J.: 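To start, I am sharing the structure in question, which I have written as structure tokens.
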Amino acid sequence: MILIAAVLLGSVAFGKVRGGSLRTLATLRLPQTGLVVAAALLAVIGQYGGQVGLPAQSAYVTCTLLSVTLAAIFVIANRRVVGVPLVAFGFALNALVIVANGAMPVSQQAADFAGVRTDAAADGSDAKHELLTSDTRLRPLADVIPLHLASPLGWASNVYSAGDIVLAAGIGLLVMAGMERPGAGRRARQVSRGRLDTAEKIDLTDLTDQTDLTDQTELRVPNSFPAPW
């Protein structure tokens, strides 16, 4: 959660620098958003189900599977939206290693480097995590990426998985793209590469008749064209 919060803040700041707006982001409409809400509720049930009498480990794995399934349906409906496929891929990577091991394995070495305690994972009281061992399946996808921050930010130190990083990157891209006007990012890249002038390019191949454009459109030579003199 700390990583995602940091990425959200950074994405909003970077989106502002690029000329984006939170008001534009608020107008972003994603089909099937109810699936995301349901997936989030399942994730909460899986995380805290053991505290209300459910089998902790079984509830965690089952809810994770269901949550990823709903996320996959959401991605299919929004596959053309920037960032959404990465978010789903991050979820899938985490779900894969959790289902393969029954919990998210955590590297003791990475935890020591980050200054994170693993007592609950070691004694089995944490149904969501377990210590990484030689028997762990899909070890590269486990929590093996340490983040160590010095004081006064030491409280934010943690250990992350590859899925966490991909998920956070997808959220960041989604926020930054959502803050831009439709097509603004693509046009800005084209202008910077000299493919478009700052004025709209006009396709002259469609002007088969002698249309008078004097008072309608300003014709400008793109910057990428060399001067004839």
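The structure presented is a predicted model; accordingly, all values stated were derived computationally and were not measured.
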J.: Could I get the full list of side-chain hydrogen bond (donor to acceptor under 3.5 Å, both in side chains) partners for D164, not counting sequence neighbours?
T.: N94, S161

J.: Could you identify which residues cluster with V17, counting Ile, Leu, Val, Met, Phe, Trp and Tyr as linked when any side-chain heavy atoms lie under 4.5 Å apart, either directly or through a chain of such contacts?
T.: none

J.: Just list the side-chain donor-acceptor pairs under 3.5 Å for residues 75-88, sequence neighbours left out, or say none.
T.:
{"from": "N78", "atom 1": "ND2", "to": "P31", "atom 2": "O", "distance (Å)": "2.9"}
{"from": "N78", "atom 1": "ND2", "to": "F74", "atom 2": "O", "distance (Å)": "2.9"}
{"from": "R79", "atom 1": "NH1", "to": "I76", "atom 2": "O", "distance (Å)": "2.5"}

J.: Apply side-chain contact (heavy atoms from CB on, under 4.5 Å) to I73 and list each qualifying residue two or more places apart in sequence or on a separate chain.
T.: L35

J.: Tell me, which pairs form a side chain to side chain donor-acceptor pair (under 3.5 Å) where one or both residues lie in residues 95-105, sequence neighbours left out?
T.: none

J.: Under a single-linkage rule joining Ile, Leu, Val, Met, Phe, Trp and Tyr whose side-chain heavy atoms are separated by less than 4.5 Å, which residues share a cluster with L41?
T.: V37

J.: Determine which pairs satisfy salt bridge (charged side-chain N to carboxylate O under 4.0 Å, His left out) with at least one residue from residues 131-148, sequence neighbours left out, and list them in order.
T.: none

J.: Atom CG of L96 and atom CG of L141: how far apart are they, to the nearest 0.5 Å?
T.: 6.0 Å

J.: Only counting residues at least two apart or in another chain, list the ones meeting side-chain contact (heavy atoms from CB on, under 4.5 Å) with S21.
T.: R23, T24

J.: Taking side-chain contact (heavy atoms from CB on, under 4.5 Å) as the test, write out the residues that go with A156, two or more places apart.
T.: I2, L149

J.: How about V159 and V144: do any of their side-chain heavy atoms sit closer than 4.5 Å?
T.: no

J.: Considering residues at least two apart in sequence or located in another chain, which fulfil the side-chain hydrogen bond (donor to acceptor under 3.5 Å, both in side chains) criterion with T118?
T.: Q108

J.: Can you name the residues that form a side-chain contact (heavy atoms from CB on, under 4.5 Å) with S125, not counting sequence neighbours?
T.: A120, D123

J.: Which residue pairs pass the salt bridge (charged side-chain N to carboxylate O under 4.0 Å, His left out) test with at least one member in residues 100-120, sequence neighbours excluded?
T.: R117-D119

J.: Looking at CG of L173 and OG of S11, how far apart are the two atoms once the value is rounded to the nearest 0.5 Å?
T.: 7.5 Å

J.: How many angstroms lie between CG in L147 and CG in N158, if you round to the nearest 0.5 Å?
T.: 7.5 Å

